Peer 1: 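First the structure, then my questions, so here it is.
Naming: A, B, ... by sequence-line order, numbering from 1 per chain. These numbers were taken from a predicted model, which means no experiment stands behind them.
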Number of protein chains: 2
Amino acid sequence: MNIGAASEKSGLPAKTIRYYEDIGLLTAERASNGYRDYSMTDVHRMRFIQRSRSLGFSVEECGQLLSLYDDKERESADVKALAKTKLAEMDRKLVELTELRDTLRRLVRSCQGDRRPDCPIIEGLSSAKRKQ
Amino acid sequence: MNIGAASEKSGLPAKTIRYYEDIGLLTAERASNGYRDYSMTDVHRMRFIQRSRSLGFSVEECGQLLSLYDDKERESADVKALAKTKLAEMDRKLVELTELRDTLRRLVRSCQGDRRPDCPIIEGLSSAKRKQ
DNA sequence: CTTGAGCTTCCAGTTACTGGAAGCACTACG
DNA sequence: CGTAGTGCTTCCAGTAACTGGAAGCTCAAG
């Protein structure tokens, strides 16, 4: 399939797919017309990257994960360790995000949304609970 | 207080504080020696930006929020609308993140962490539930 | 056979920092 | 009082991860 179809199936913009190829995260077959030609395996790889990125993995870390994926001889303990580290990070981030969401939600509720210039959202955001 | 102290109190690196000044998000008094001199109000503003950024507001949006904050005559409805939009976005992101965290957690649990090369983490990540 | 969408490469720009050099300012120590 | 070290200053360059745009080739439809 062409890059457009792969883009649609993977959720990655075509530009980004080309960029990932540039930096070595993806490779592409070429059709006789010079167009990139992707298989479902490629799309899986794209989705893998897409998901990993949205999980908070940097492109570099995606590369690590993918290299573990590619090198079937690698011990799965490596993958597990990496995943565990990321998991802890995500848990932390999730708590933080939830807190912030709740703060914002509370503030939106308490804000009148009328013409009073002293909106509590601003007040709340600038003085919200500091940690450590 | 100097930039170092403000950095510590706000959680923003000094470099970043200077950068925010560059792009007009922050201003700074200057002491007689030419050093930037910050008040607690400035630190609040920094914390506001720091929190907003970590909430997923872009620097541009922080600017909008801050301009609403600065211009006391503005209706708070504007702030509320902006906050509400962001709130919806955060809720979506939170759901997505939770899903991904759970996926990763399940996978970490099912992965042996031994020398078997067929780690299910990779498999799971690359084929995880696709939506819409 | 042309029109338009989709593909190609390449280069430039963007966002939000981050690092490093060169040099002035302040504190502390001998 | 000199100097060592840390912190501040500016400025310029680099980074990550895209994103946009130009110039040109390719393909399907009318």
Peer 1: Does E21(A) come within less than 4.0 Å of R45(A), counting only side-chain N to carboxylate O?
Peer 2: no
Peer 1: Give a yes/no on whether any side-chain N or O of N33(A) is located under 4.0 angstrom from OP1 or OP2 of dC25(D).
Peer 2: no
Peer 1: So, is R36(B) near the phosphate of dT9(D), with a side-chain N or O under 4.0 Å from OP1 or OP2?
Peer 2: yes
Peer 1: Taking only side-chain N and O atoms of Y20(B), does any of them lie within less than 4.0 angstrom of OP1 or OP2 on dC17(C)?
Peer 2: yes
Peer 1: Any side-chain N or O of Y35(B) under 4.0 Å from OP1/OP2 of dC24(C)?
Peer 2: no
Peer 1: For I23(B), report the nucleic acid contact type (base, sugar-phosphate, nothing); a contact means any heavy atom under 4.0 Å.
Peer 2: nothing
Peer 1: Round to the nearest Å and state the distance from D22(B) atom CG to dT10(D) atom P.
Peer 2: 9 Å
Peer 1: Nearest to the side chain of N2(B), heavy atoms from C-beta on, is which of dG20(D), dC17(C), dC8(D)?
Peer 2: dC8(D)
Peer 1: Would you say that I17(B) contacts Y38(B) through its side chain, given a criterion of any heavy-atom pair below 4.5 Å between the two side chains?
Peer 2: yes
Peer 1: Closest-nucleotide mapping onto DNA chain C: is V59(B) or A5(A) further toward the 5' terminus? I mean the 5' end.
Peer 2: A5(A)
Peer 1: Under 4.0 Å from OP1 or OP2 of dA16(C): is there any side-chain N or O of T16(B) that close?
Peer 2: no
Peer 1: Heavy atoms, side chains only, cut-off 4.5 Å: are L25(B) and I49(B) in contact?
Peer 2: yes
Peer 1: Find out if a path of hydrophobic residues (ILVMFWY) with successive side-chain heavy-atom gaps under 4.5 Å connects M1(A) to Y35(A).
Peer 2: no
Peer 1: Please report, rounded to the nearest Å, how far the C1' atom of dG7(D) is from the CD1 atom of I3(B).
Peer 2: 11 Å
Peer 1: Look at R30(A) and dT9(C) and indicate whether a side-chain polar atom (N or O) is within less than 4.0 Å of OP1 or OP2.
Peer 2: yes
Peer 1: So which nucleotide from dT9(D), dT18(C), dT9(C) ends up closest to the side chain of R18(A)?
Peer 2: dT9(C)
